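In this chain, residues are counted from 1 in sequence order. The model shown is predicted, which means the values in this text are computed figures rather than measured ones.
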Amino acid sequence: QTEGLGAALARAHDLAGYIKVRLDNVNDRQCRDFHVFRMAKQQKGAKPADFDAALKTMMELPFVGVVEEYELSLQALETVLKPHFPAIRCRNVRLNAASGVDLPLAERLAAMKAEIGVDLYRRLVAANMKDICLHQAAVTKLRELSP
């Protein structure tokens with residue numbers, strides 16, 4: 001069985017150790033503006049960490065879902081798909097859900113900060129400022145799409 005770096009690191013470290021190893025490798029995108037990196041690549045000629053390119057990609061999408069706005073995301077998805085699939089009904093079905101997923105984002109982030117320590121948390125936030133801004137844009141877009 002082949003396993004990836006992420007799985008090996010997760011087995012070898014606690015959460016703080018996993019994040020530290022990922023952040024210590026400047027070429028590792030897993031804990032460093034991951035979503036901006038992925039979305040920017042969709043724009044021809046864009047650099048990997050190009051926020052404007054990532055934002056453009058996101059804005060071109062007909063739908064964007066946000067995890068902590070899951071119900072609203074389902075409603076918006078249904079609205080986007082309904083003209084093409086009139087009978088569609090998007091509904092929330094929970095299978096294999098982790099505990100704590102119902103906690104507000106602020107509470108989950110506070111728990112993470114307590115678990116990994118203030119210094120590493122600050123480092124993680126600093127490494128993800130573009131993703132944080134992209135997330136805010138996604139929430140705004142979602143609310144605009146919602147019925």
Side-chain angles (χ1 to χ4, degrees), residues 1-11 13-16 18-19 21-23 25-116 120-147:
Q1 177 183 1
T2 305
E3 71 172 33
L5 174 63
L9 289 175
R11 266 198 307 286
H13 299 279
D14 62 4
L15 181 58
Y18 176 88
I19 292 169
V21 169
R22 291 290 195 163
L23 289 178
N25 180 349
V26 295
N27 295 316
D28 189 334
R29 304 301 308 186
Q30 187 63 38
C31 292
R32 183 179 287 104
D33 288 326
F34 177 84
H35 295 92
V36 167
F37 176 74
R38 293 288 181 184
M39 288 193 164
K41 287 177 23 174
Q42 302 306 310
Q43 299 295 322
K44 189 174 183 174
K47 292 188 163 89
D50 186 338
F51 175 79
D52 291 334
L55 183 62
K56 183 173 190 245
T57 297
M58 187 191 69
M59 296 309 287
E60 289 172 348
L61 295 171
F63 164 77
V64 174
V66 177
V67 172
E68 68 273 8
E69 296 283 356
Y70 194 71
E71 290 294 332
L72 191 59
S73 296
L74 287 175
Q75 292 170 13
L77 178 60
E78 187 171 303
T79 299
V80 168
L81 294 176
K82 201 112 172 109
H84 308 286
F85 305 95
I88 195 162
R89 299 289 181 268
C90 296
R91 58 181 233 254
N92 185 0
V93 177
R94 287 184 178 241
L95 300 172
N96 197 22
S99 63
V101 294
D102 289 330
L103 292 175
L105 180 59
E107 287 182 35
R108 287 184 283 147
L109 292 174
M112 176 188 258
K113 183 192 260 185
E115 182 177 349
I116 69 174
L120 183 57
Y121 183 82
R122 285 184 184 145
R123 186 174 168 207
L124 183 62
V125 168
N128 286 281
M129 287 309 298
K130 291 178 184 177
D131 261 11
I132 292 167
C133 292
L134 190 65
H135 174 266
Q136 283 301 317
V139 170
T140 299
K141 179 175 178 161
L142 173 63
R143 291 193 175 134
E144 289 170 358
L145 286 173
S146 297

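Between the side chains of Glu71 and Asn92, a donor-acceptor pair is found at a separation under 3.5 Å.
Nearest heavy-atom pair across Phe63 and Val80 is CB-CG2, 4.4 Å. Here the closest heavy-atom approach between residue Tyr18 and residue Ala10 is recorded as CD1-N, 3.8 Å. Residues Ala46 and Ala40 share a closest heavy-atom pair of CB-O, 3.4 Å. What you find for Pro83 and Thr79 is that their closest heavy atoms are CD-O, 3.3 Å.
Proximity of Leu120 to Leu124: side-chain heavy atoms (C-beta onward) are nowhere separated by under 4.5 Å. Taking the side chain as every heavy atom from C-beta outward, Leu134 and Leu55 approach each other to under 4.5 Å. Looking at Leu15 and Met112, their side chains come closer than 4.5 Å, going by heavy atoms from C-beta outward. No side-chain heavy atom of Phe34 sits under 4.5 Å from any side-chain heavy atom of Lys130. A 4.5 Å side-chain heavy-atom check between His135 and Glu68 finds at least one atom pair inside the cut-off. Between Lys141 and Met59, the closest side-chain pair of non-hydrogen atoms falls below 4.5 Å. The shortest distance between side-chain heavy atoms of Asn25 and Val21 does not fall below 4.5 Å.
The environment of NZ in Lys47 is sparse: at most 12 heavy-atom neighbours from other residues, nucleotides or ligands sit within 6.0 Å. Counting heavy-atom neighbours within 6.0 Å of His35 NE2, excluding the residue itself, gives a total of 12 or less. Arg91 CZ: 12 or fewer foreign heavy atoms inside a 6.0 Å radius.
One finds the CG atom of Leu5 at 6.5 Å from the CG atom of Asp28 (value rounded to the nearest 0.5 Å). For the atom pair CG of Leu142 and OG of Ser73, the computed distance is 4.5 Å after rounding to the nearest 0.5 Å. Going from atom CE of Met39 over to atom CG of Asp131 covers 9.5 Å, rounded to the nearest 0.5 Å. We find the CZ-CG distance between Arg32 and Asn27 to be 8.5 Å, quoted to the nearest 0.5 Å. In this structure, SG on Cys31 lies 5.5 Å from CD1 on Ile19, to the nearest 0.5 angstrom. Rounded to the nearest 0.5 angstrom, Leu72 CG and Leu77 CG are separated by 11.5 Å.
Salt bridge present: Glu69 and Arg143 bring a charged side-chain N and a carboxylate O closer than 4.0 Å.
A donor-acceptor pair under 3.5 Å links the side-chain atoms of Lys82 to the main chain of Ile88, judged by distance alone. In this structure, the side chain of Arg22 does not engage the main chain of Arg29 through any donor-acceptor pair within 3.5 Å. Here the side chain of Gln42 pairs no donor or acceptor atom with the backbone of Thr57 at under 3.5 angstrom. Between the Asp33 side chain and the Ala49 main chain, no donor and acceptor come within less than 3.5 Å of each other.
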